[in-house]
Structure formats: C-alpha cells, structure tokens
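Data block below; observations after.
All values reported here derive from a predicted model rather than from experimental measurement. Quick note: residue numbers are just sequence positions, from 1.
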Amino acid sequence: MASLNVGNLGEYLREQRRTARLSLRQLADAAGVSNPYLSQIERGLRKPSADILQQLAKALRISAETLYVQAGMLDERERQELETRAVLLADPSINERQKQVLLQIYESFRKENGFESTVEATLGAKLGADAESVAAALAVEDADGAGGADAEDAGRAEDAGDVEGTADGGAPKPPTTP
C-alpha cells in the first residue's frame, strides 16, 4: 500500500501513544478500533475519519482538535478558536445559558475585529457535513440562540458592564431592573 498524505498524523499518534505508555493493542481497545487499522494509521497507510480521530483523542486524553490539525482538517488558528470555546463550555462555575451568552459575545468581538468564525464551515466542507452538524458534534451550539440565550440575555450582560454598550447618541445605556 502506498502512503497517504496525512501529514505527520501517524508519527504524532505513535508519539502520543508512547507518551501515554500504551501499547498499540491497548490504544486500539480504548478507542474502539481494530489493532491492524490503528497500525495502518500510525504508518500513514490509512486516513482516519473525524469520528475515529475523536475516539483516539479521547483514549489518549488529548484534544480532538489537535488531531484534526495534524490530519490537515483544521489549521492552527481554527484549533485555537475551538479550544477557547471548549474552555468556556467546560467551566462548571457558570450555567448553560451564561455559557451561550459568553459564546455570543466572543463571536461578536471576533466579528468586530475582522475574524469570522469559520471552524464549523471548514470542518463541514472537509468532512462532507453542514456547519450545524459539525457544531453539534463539537458540542458547541449555534450562536444564533440555540442554547436558549437571546437578545435579552446579551442585554443583561451589557448592563452588567461585561460588554461596552451605548444608547442613542453615544450616551451610556441606563441600567435595567431585573
């Protein structure tokens, strides 16, 4: 079999497996893939799907996004965006509604600074799925309010001083009473 152009994914996986002190068989069992298939991935003979990469990442206790970058499915900037979202979503000190509001604010700041979110669209194009499916798979709900956050929630964040906001003519917005 000829080697596929999968970057350094196989070498990287082998290094991560050895660092975790797992045999090929142990990692294959933990990830739910066959031993020969994992061996072929490590030797660059097979290109795994995003699902397989996610299973391997979970078994190795590393981020799936890192493997996506190694496999050429994401670039480094997109990985950083995903990791930022993951950190927000993993914070146990805030509830789900608050997490969604923070993600909406984060996206609005990125847009204001000229950085459009392309992670879901990029991955979707490479995986043959739509952006919404990819977002759901990454456990990041759509910033259009699918997580229950709405304009009123974002307004509360602005009123709390988390987001700079002004009313007509540039005057500060009056505080609202809860």
| message | Nearest 0.5 angstrom please: Leu13 CG to Leu9 CG, how far? | response | 4.5 Å

| field | From OH (Tyr12) to CG (Leu67), nearest 0.5 Å | value | 6.5 Å

| query | Are Leu22 and Arg17 close enough that some pair of their side-chain heavy atoms sits under 4.5 Å apart? | reply | yes

| said: Is any side-chain heavy atom of Gln98 closer than 4.5 Å to one of Val101? | reply: no

| query | Heavy atoms, side chains only, cut-off 4.5 Å: are Leu45 and Ser39 in contact? | reply | no

| query | Between the side chains of Asp51 and Ser49, is a donor N or O closer than 3.5 angstrom to an acceptor N or O? | reply | no

| Heavy-atom side-chain proximity of Gln26 to Arg21 below 4.5 angstrom | no

| message | Taking Leu53 as the starting point, is it possible to reach Val33 by hopping between hydrophobic residues whose side chains are less than 4.5 Å apart? | response | yes

| What is the minimum heavy-atom distance between Met73 and Pro48, and which atoms define it? | CE-O, 3.7 Å

| Distance from Leu103 atom CG to Arg110 atom CZ, nearest 0.5 Å? | 11.5 Å

| Does anything in residues 27-36 pair up under side chain to side chain donor-acceptor pair (under 3.5 Å), and if so which pairs, sequence neighbours excluded? | none

| Distance-minimising heavy-atom pair for Leu38 and Leu24 | CD2-O, 3.5 Å

| message | Any heavy-atom pair between the side chains of Leu60 and Thr19 that's under 4.5 Å? | response | no

| query | Do you know which two heavy atoms are closest between Leu27 and Ala59, and how far apart they sit? | reply | CD1-CB, 3.6 Å

| task | Heavy atoms only: give me the nearest Lys99-Ile94 pair and the separation to one decimal. | result | CE-O, 3.3 Å

| What heavy-atom pair brings Tyr37 and Lys47 nearest, and what distance separates the two atoms? | OH-O, 4.2 Å

| query | Salt-bridged, Arg18 to Glu15, with N to O below 4.0 Å? | reply | no

| field | Criterion side chain to side chain contact (heavy atoms under 4.5 Å, CB included) on Glu81 and Tyr106, from CA distance to verdict | value | CA-CA 10 Å; Glu81 181 185 342; Tyr106 173 69; 3.9 Å; yes

| For the atom pair CD (Gln100) and CD (Gln104), what is the distance rounded to the nearest 0.5 Å? | 7.0 Å

| note | On a heavy-atom basis, the closest approach of Asp91 and Ser93 is OD1-OG, 2.6 Å

| task | Keeping the roles fixed (side chain from Arg46, backbone from Gln40), state whether a donor-acceptor pair exists under 3.5 Å. | result | no

| query | Quick one: do Arg85 and Glu107 make a salt bridge, cutoff under 4.0 Å? | reply | yes

| query | Arg43 versus Arg14: any side-chain heavy-atom pair under 4.5 Å? | reply | yes

